2 protein chains.
Amino acid sequence: MASIKDVAAEAGVSVATVSRVLNDHPSVSADARTRVLAAVKTLGYRPNAVARSLRTDQTHTLGLVISDVLNPYFGELARSVEEEARALGYSVIIGNADERPDLQDHHVRSLIDRRIDGLLVSPTDGGSPLMLDAVRAGTPMVFVDRWIPGVAVPVVRADGRAAVRELVAHLHALGHRRLAIIAGPAATTTGQERVVAFREALEAYGLELPETYIGQGDFQAESGRRVTEGFLDLPEPPEVVFAADNLMALGALDAVRARGLRVPEDLALAAFDDIPWFVHTDPPITAIAQPTGELGRAAVRALVDRIEGRPPESVTLPARLVVRRSCGENPTPVQRSTS
Amino acid sequence: MASIKDVAAEAGVSVATVSRVLNDHPSVSADARTRVLAAVKTLGYRPNAVARSLRTDQTHTLGLVISDVLNPYFGELARSVEEEARALGYSVIIGNADERPDLQDHHVRSLIDRRIDGLLVSPTDGGSPLMLDAVRAGTPMVFVDRWIPGVAVPVVRADGRAAVRELVAHLHALGHRRLAIIAGPAATTTGQERVVAFREALEAYGLELPETYIGQGDFQAESGRRVTEGFLDLPEPPEVVFAADNLMALGALDAVRARGLRVPEDLALAAFDDIPWFVHTDPPITAIAQPTGELGRAAVRALVDRIEGRPPESVTLPARLVVRRSCGENPTPVQRSTS
DNA sequence: CCTCCTTGTGGAATCGATTACACGACCTCG
DNA sequence: CGAGGTCGTGTAATCGATTCCACAAGGAGG
């Protein structure tokens, strides 16, 4: 593969001049410029990004560490992150942590070794020493969706509290009084927050959230199934299950079906994180939709601001309730699914 | 960030010795080794992968260019690729081409500029000059799922012909005679092949595939909807629609629903590419399942073989039919969905 | 006409690693 | 006891770019 020296030789100039042309530095004569550009074209020369990065200490690459690529929510997030990054001249390396802190650390380390310019993380846990070190060492970082409390890193996320209140209002209006939740891992902020928001919303209606109605899940489908079976085995099973993410909702749906029961007649179901497939399930599932694309773009902008020396901003966007049929017919017309 | 020089100074040895310890070269004294390792630990030193890559001309990074991360099929592929690559000591940079040749070229170029060791591509088209140049220039490459005919690059893919025959047998046994297909882009091999396989399978039953029953889609949901509406407007609409991928099947489902019709009573539906959600749609969708994880792993192994100087092998794995309820009740017991 | 400045260019240092080569110390064997 | 190895180490070249600095040529101004 041709190097800058080959181009210099072909154009009859020094490597310095070639470099100047390539980085359009002002003081290059028109003559030299055209000769260099011609040489570049005939040789099919492309600058070696590795060498350039070594010298400039910039890779124009961002790292994105998420917990599960197979979750459509994170898939969409990854897509929007890549788009915005591309628009700003950056590439993205995605690391899939699979909800495992050790894998998360592996990716963070590997990305830092590669000298990415900045890191977008949706932490799977309360903060590994490695990640805290990275922050302390000055690695530009932004948290997306989830975050680690007490760490001075901008956070870009959705606030679901209003939507959860709406959801509870909707459920209450449908006559449901025994409401249960499948929570996410306590180590994640989203895992905790959604429980808190749910409990607070219930209190507004004078309803309680007993311990038996809080199932411990891990954001994966299988845990949703397991927890739901536990609920159904209770002497007094709940009338509604609210899953803190879409995959656990799917597991819940499985569990209900496996017993020959029906949604919403025997058990109503709602989920956090809306995804296109929820329109097509049987029945279509009522869910709280995050502005995923906007979150991804805002996160990239915040990170690039930080990288390029501008003050980065934390961003919180509202989530909204999308009512479908999984909690009962005749929904209060809060908001209807459009698609 | 500490460099190898700092470590050398701290340990009281030369950089060469540090490098030898790090790459566990045999001729280093035990004494020097322990001093270097101690220095590495106290400084928290990590080798700069950029500098190392420049010198060794290896990045231990693979590029993966796929057409749509939001498609669960490619999501799963990406995941298995990353897993296998990680097991073999490589990282993966994913480029999302969105079925657009220009974006595909953008990513290929960007990956080559970054000097990735090899490229995994699922081409969106018949082969851009850029990609052909890359092959000619000797960039290690492997095609996954789709490929470009006439190019000397190993291909890892699934053969769906047997499964398509099974599907047609299943449909025929259910009494369906008017079968239509929503095809993928003609520029992709998978787009063409699935039509050919379908037609051949029909011929075995003395059935024809008229032009009006071949709808042109682009692997996106919206095109599935559009094509299905066209089918339903036909004077003699088909009894079955076979979508060449999962997203177009979803669009088809939408189109049927929008007219107040039902699957499978009014129109039966089957899809290429099985995904977890198909179990939960209304009705569950009969689909042809590719061994996606195995494809991803095989592709990585082939690429790494090529990179490390071993002869790479093309791999073709069989796809299989998973019968659910979207083509009619009482399915012939060819194979039942398990989950 | 001589200085001073601007403009264009090249030489060489630099980024952080790897590695060929040289060299001194010590060992072994005839 | 000396020749020839082996072992451990350091010096320096190298990868492909960017960029500081020096310098030559030419123009402007006194």
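Just so we're on the same page: letters track the sequence lines, and every chain starts at 1. Worth saying up front: this structure is predicted, and the values here are computed from it rather than measured.
Rounding to whole angstrom units, CG of residue B:Leu22 and P of C:dA17 are separated by 8 Å. Following rounding to the nearest Å, B:Asp113 (CG) and D:dG16 (P) show an atom-to-atom distance of 14 Å. Per the geometry, NE2 belonging to B:His25 stands 16 Å off C1' belonging to C:dA17, to the nearest Å. If you measure from atom CD of B:Gln58 to atom P of C:dA17, you get 17 Å, rounded to the nearest angstrom. The CE atom of B:Met1 sits 15 Å away from the C1' atom of C:dA17 (whole-angstrom rounding). Regarding B:Asp57, its CG atom lies at a distance of 12 Å from the C1' atom of C:dT18, rounded to whole Å. In this entry the distance linking CZ of A:Arg114 with C1' of C:dG16 reads 16 Å, nearest Å. Atom pair A:Ile4:CD1 and D:dT14:P shows a separation of 18 Å (rounding to whole Å applied).
The OG1 atom of B:Thr17 lies 9.0 Å from the CZ atom of B:Arg35; values are rounded to the nearest 0.5 Å.
Residues passing the salt bridge (Lys or Arg N to Asp or Glu O under 4.0 Å) test with B:Arg33, sequence neighbours excluded: none. In this view, B:Ser67 and B:Arg146 satisfy the side chain to side chain donor-acceptor pair (under 3.5 Å) rule, not counting sequence neighbours.
A:Tyr73 places a side-chain heavy atom less than 4.5 Å from the side chain of A:Thr292. B:Asn96 has its side chain within reach of A:Arg79: a pair of non-hydrogen atoms, C-beta onward, lies under 4.5 Å apart. Counting only heavy atoms from C-beta outward, the side chains of B:Thr188 and B:Phe219 approach each other to under 4.5 Å. By the 4.5 Å heavy-atom criterion applied to side chains, A:Leu247 and A:Asp68 are counted as neighbours. Contact annotation: the side chain of A:Thr189 never approaches that of A:Phe143 to less than 4.5 Å [non-hydrogen atoms, C-beta and beyond].
Within residues 41-56 of chain A, the residues approaching DNA chain C are A:Leu54, A:Arg55, by heavy-atom distance under 4.0 Å.
For A:Asp57, the CG atom counts as loosely surrounded, since its 6.0 Å shell holds 12 or fewer non-hydrogen atoms of other residues, nucleotides or ligands. Heavy-atom neighbours of B:Glu308 CD from other residues, nucleotides or ligands within 6.0 Å: above the threshold of 12.
Contact between the side-chain N/O atoms of B:Ser19 and the OP1/OP2 oxygens of C:dT18 is found at a separation under 4.0 Å. Residue B:Ser14 has no polar side-chain atom (N or O) positioned under 4.0 Å from OP1 or OP2 of D:dT11. Between A:Ser27 and C:dT7, a side-chain N or O to OP1/OP2 separation shorter than 4.0 Å is absent.
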Between the protein and nucleotides 23-26 of chain C, list every N/O to N/O distance that falls short of 3.5 Å.
none

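The side chain of B:Ser29 lies closest to D:dT9, out of D:dT9, C:dT19, D:dT19. Nearest nucleotide to the side chain of B:Ser3, out of C:dA17, D:dT18, D:dG8: C:dA17. The side chain of A:Arg20 approaches C:dG11 more closely than any other nucleotide in the set D:dG16, C:dG11, C:dG16.
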Let's go through A:Arg86 and A:Glu83 carefully: what are the C-alpha distance in whole Å and the side-chain angles of both, what is the deciding distance for salt bridge (charged side-chain N to carboxylate O under 4.0 Å, His left out) to 0.1 Å, and is it a yes or a no?
CA-CA 5 Å; A:Arg86 177 154 36 81; A:Glu83 279 178 2; 5.1 Å; no
Could you give the side-chain donor-acceptor pairs of residues 131-141 of chain B under 3.5 Å, partners two or more places apart or in another chain?
residue  : atom : partner  : partner atom : Å
B:Asp133 : OD1  : B:Arg136 : NH1          : 3.1
B:Thr139 : OG1  : B:Ala134 : O            : 3.1

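The residue B:Asn23 sits close only to the backbone: its heavy atoms come under 4.0 Å of sugar-phosphate atoms, none of a base.
Fit an axis to the five pairs at each end of the helix from C:dC1-D:dG30 to C:dG30-D:dC1 and the two axes sit 50° apart, to the nearest 10 degrees.
Annotation: of the two residues near DNA chain D, B:Val15 and A:Thr17, the 5′-most nearest-nucleotide partner is B:Val15.
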